[in-house]
Amino acid sequence: MIIYGTYFDGSSSRPRKVRLKVHEERVECSEHDGKTFYSASLSHCRLTPSLGNSRRFLKLPNGGRWEGDEHAIAVIEKKMAGGRGMHFVHSLEKRWRAALTSFVVLGIAVWLFVDMGIPLMAAKIAVAVPEEILDKVSKQSLTMLDERLFKPSELDSEERENMQDTFTALVKEMGLGERYRLQLRKGGKIGANAFALPSGTIIVTDELIKLAEDDRQIRGVLVHEVAHVQNRHAIRHALQQLGVFALVSISMGDITSITSVATTLPMILVESGYSRDFEREADDAVIRYFSQKSWNSKPFQEILLSLQQASGHSQQPSFLSTHPGIQERIKRLKELEAENSSTRLIF
Amino acid sequence: MKIICPKCGNEHNVNLKKINYARFKALCSSCKTAFLVSIDTCPACGNLQLSGQKNCKSCQAPFESFEKLITQEANKEVTREKKNLDKNTESADPIRYKPEFLGSGAEYFRIWIVNLALTILSLGIYAPWAKVRTQQYFYLHSQVAGQPFEYLANPVAILKGYLIVGACLVVYNLTNTINPVIGAILVPVFMVIFPFLMYKSLRFKAHNSAYRNIRFRFLGTLGESYITFLLLPILTPLTLGLALPYGLFRQKYYVMGNFVYGSSKNIFTGQIGKFYLISLMTALIALAAIIPFAIPLHWFAENILPALRKSAQPSQQTTMMLVGAAVIVYFFALFLFSLVQQYYYARTTNYCWSQLNMGGVQFQSTLKARQLIWIRFSNILGIILSLGLFMPWAKVRRTRYLLDNITVITPRNLDKFIAAKEDDESAVGDAAMDYFDFEIGL
């Protein structure tokens with residue numbers, strides 16, 4: 001079988017008209033003088049994979065590249081053993097139906113990853129992180145926070161002792177280990193707030209303590225923060241962020257394109273969704289604690305409201321925020337409580 | 001096989017199997033006229049027959065007369081060469097080639113989405129193969145003088161690069177979220193690594209790009225890369241930004257001056273002054289664009305925002321209004337950013353191509369800033385509104401515009417380039433060992 005095509009020898013950019021004699025297992029190249037100038041075993045040649053309607057080449061072992069029209073390429077492909085390489089991928093790429101299926105599969109896969117895969121993996125890994133690391137990291141974070149944000153607490157010693165007593169009582173009640181410690185600071189710029197470090201250190205600002213009207217309100221906040229520590233939310237959040245980052249950079253095909261505008265917004269949305277999930281989980285713990293004590297969750301609702309008023313921020317729509325909207329949280333608290341009380345009635 | 005003499009019309013029987021040539025001269029035995037006969041091989045059944053048929057005589061498969069095409073092409077080339085030789089070689093009219101982009105958005109969309117799905121389903125392991133395939137699509141559909149480019153990268157090498165860079169980014173991200181102090185320490189470390197990655201990446205890209213089966217090469221040195229991508233960016237803030245145009249000039253110089261075809265030499269004659277001029281124009285345009293928007297924005301922030309904040313229970317309406325304002329600001333910032341970026345890109349790209357001489361070949365780039373801005377802005381808009389599905393069309397559209405506006409100007413045809421010698425250490429040597437390939441927006 002003789003086929004004609006264009007040949008580039010790999011050392012010069014000059015095209016040559018080369019005739020390919022295709023035998024069962026060999027190809028022979030000759031120019032129009034008819035003399036064979038090169039011959040090679042077909043098993044050593046490589047046909048570039050089909051890709052859309054792009055041109056395809058026969059790569060010869062001497063570095064030469066031969067190109068014929070599609071019929072000529074078809075002749076060679078028939079002789080070469082098996083449908084090599086990306087044949088399957090190409091057959092998918094040709095069909096609109098396969099493209100549509102890919103789109104659906106992609107959507108489902110991304111949704112599964114974001115909704116279940118990433119949080120699940122993060123939770124698994126977070127459990128395996130040794131406590132020494134958490135302690136070290138927390139120590140550094142506290143030093144940093146003290147340098148940049150906090151000032152020493154300005155509460156008098158009685159108030160401080162009261163707080164410590166409440167906390168110790170709570171730790172005992174909940175059966176928590178010695179890891180849990182309370183630190184009091186003046187919030188300054190950040191105002192009334194509470195933080196949990198992964199090591200179990202819980203920081204409460206003076207402003208928050210002053211804002212709270214009774215012991216139950218404080219307990220609600222403390223239980224919320226303790227739940228963050230117990231469930232390792234900080235480390236899980238970091239891991240989940242990493243998972244989203246990996247997902248986006250892999251699907252964009254390039255790690256550097258991560259900076260592009262179009263990818264940042266979905267990432268923010270997904271990540272703030274994650275932190276809202278964690279807040280809800282911590283709120284659930286508060287409800288559980290309160291119902292154990294047969295308290296109404298009202299004190300916790302009240303402190304949430306006062307916190308919102310104190311911060312003076314206008315309400316953001318919840319999909320942009322890292323915390324669920326206060327109204328949304330309170331509504332949820334009420335609902336959960338209703339559920340709990342009904343179960344209590346039954347049993 | 002019957003051959004009919006074009007002059008006297010007599011039929012002659014010829015045994016085609018005995019003829020070794022694709023084209024031969026035949027002598028009519030009746031009227032002694034010599035004429036040219038060409039034969040084709042049927043690609044389907046392999047039988048030989050006269051050229052010029054629409055279907056194969058043996059198996060009826062359709063085929064185009066390939067040999068005829070080659071002959072026409074060869075004749076064109078010969079007349080062109082002759083034309084050039086006739087005039088004095090020095091003053092000969094240069095040949096101007098218009099590159100073409102033959103890809104289609106719809107076709108690329110299918111390739112893109114199928115490969116993306118495979119990547120996600122394989123948990124990212126397929127990513128390098130997807131990268132090679134999508135990249136190859138653009139290379140193979142970009143043609144100069146009828147010949148396409150080729151992307152030769154080995155996916156396994158890319159996988160290695162991805163794993164290394166990926167590991168670095170994982171470390172950075174984790175430390176940064178857990179402890180920003182250590183994260184901040186890591187930034188200078190990455191700044192030091194970056195020029196190395198840039199250098200490796202440029203070499204990888206060049207080595208794996210080929211035209212007419214000859215690879216490109218990148219001849220820049222690692223030292224130059226450190227000056228361009230580490231020293232100058234550090235100097236920029238120290239000089240209050242005055243060194244910025246110089247740094248950007250050096251980046252172009254580093255890439256274009258060192259990206260050679262085969263064994264060609266590059267001469268890049270760009271001047272720094274021009275970059276300062278373009279930068280000044282860009283800054284003025286940015287300023288002119290910001291002012292008409294900054295005034296109402298400032299008014300909004302001064303008068304409306306505080307009022308909204310004071311109301312303790314903002315209504316649904318004001319919340320929506322705030323979101324609407326945020327969206328408007330976002331799109332304006334996007335527009336402004338693409339305006340500045342694309343204007344600068346158009347001007348510098350046009351200038352740099354005009355200053356490049358690649359082994360005797362020169363270039364002309366006629367990008368219009370207005371067009372580029374429109375393409376970039378509408379592309380981003382389309383991508384956002386289509387949740388990313390418009391991305392393949394956007395890429396095809398931009399590539400087509402960029403290629404449509406380049407002209408390759410060469411004194412001779414492009415047949416005289418020679419590949420770098422194998423034993424040239426800097427050429428192939430360790431470049432084959434490289435494995436980084438990033439999209440570089442230079």
Side-chain angles (χ1 to χ4, degrees), chain A residues 1-4 8-15 17 19 32 34 51-55 64-65 69 71-72 74-75 86 89 92-96 98-99 102-103 105-106 109-110 137 140-141 144 234-235 237-238 241-242 245-246 250-251 253-257 261-262 309 312-315 317, chain B residues 20-22 41 43-44 46 63-64 66-67 70 107 109-111 113-121 124 127 130-131 133-134 136-137 140-141 148 162 165-166 169-170 173-174 177-179 181 212-214 262 308-309 312 314 319 323 334 380 383-384 388 414-419 438-439:
Chain A
M1 169 109 38
I2 294 170
I3 42 184
Y4 299 91
F8 287 100
D9 58 15
S11 57
S12 143
S13 66
R14 187 173 67 89
K17 311 295 172 208
R19 194 167 81 150
H32 290 304
L51 173 64
N53 65 352
S54 348
R55 295 158 74 155
R65 187 193 91 182
D69 59 13
H71 299 297
V75 168
M86 311 300 279
V89 180
L92 290 180
E93 288 163 351
K94 274 193 299 194
R95 298 191 182 88
W96 274 109
S102 297
F103 175 61
V105 166
L106 199 64
V110 167
V137 166
Q140 280 168 338
S141 305
M144 192 197 74
I235 194 99
H237 191 223
Q241 252 176 336
L242 188 69
F245 174 78
I250 285 169
S251 43
D254 238 301
I255 294 164
T256 44
S257 68
V261 213
Q309 272 158 12
H313 280 301
S314 59
Q315 205 185 342
Chain B
N20 247 334
Y21 300 98
T41 315
F63 73 97
E64 278 153 31
F66 184 69
E67 191 61 18
I70 293 186
E107 191 175 47
F109 171 78
R110 294 197 303 266
I111 291 171
I113 194 120
V114 164
N115 281 282
L116 191 56
L118 289 174
T119 302
I120 295 291
L121 288 182
K131 155 108 187 172
R133 233 173 139 67
T134 44
Q136 179 76 304
Y137 184 81
L140 283 175
H141 287 91
Y162 275 9
V165 176
L169 286 171
V170 165
N173 255 293
L174 272 184
T177 35
I178 293 173
N179 192 334
V181 178
R212 295 183 174 218
N213 207 19
I214 292 182
L308 281 178
R309 278 214 180 147
T319 311
V323 172
L334 211 64
I380 293 180
I383 289 170
I384 292 175
L414 297 170
D415 292 357
K416 303 289 190 291
F417 286 94
I418 306 285
F438 305 117
E439 291 310 314

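First the proteins, then the strands, lettered A, B, ... as listed; each starts at 1.
In this structure, OG on A:S54 lies 8.0 Å from CZ on B:R133, to the nearest 0.5 angstrom. Distance check: A:S102 OG to B:I120 CD1 gives 12.0 Å after rounding to the nearest 0.5 Å. To the nearest 0.5 Å, atoms CG (A:L106) and CG (B:L118) are separated by 10.0 Å.
Across all non-hydrogen atoms, the minimal contact from B:Y137 to A:L51 is N-CD2, 3.5 Å. The minimum heavy-atom distance linking A:R55 with B:L140 is given by the pair O-CD1, 3.9 Å. Among all heavy-atom pairs drawn from A:G10 and B:I214, the shortest one is O-CG1, 4.2 Å. Scanning all heavy atoms of the two residues, the minimum distance from A:V105 to B:L121 falls at CG1-CD1, 3.7 Å.
At a 4.5 Å heavy-atom cutoff, the contact between A:D9 and chain B is made by backbone atoms alone. The contact between B:I418 and chain A is made by backbone and side chain atoms together, counting heavy-atom distances below 4.5 Å. Using a 4.5 Å cut-off between heavy atoms, A:L92 contacts chain B through both its backbone and its side chain.
Considering only heavy-atom pairs separated by less than 4.5 Å from chain A, the leading option among B:L414, B:I111, B:N115 is B:I111. When each of A:R14, A:R65, A:R95 is checked for heavy-atom pairs under 4.5 Å with chain B, A:R65 comes out on top.
The closest side-chain heavy-atom distance from B:D415 to A:S12 is not below 4.5 Å.
The backbone N or O of A:E93 lies less than 3.5 Å from a partner atom in the side chain of B:R110, making a donor-acceptor pair.
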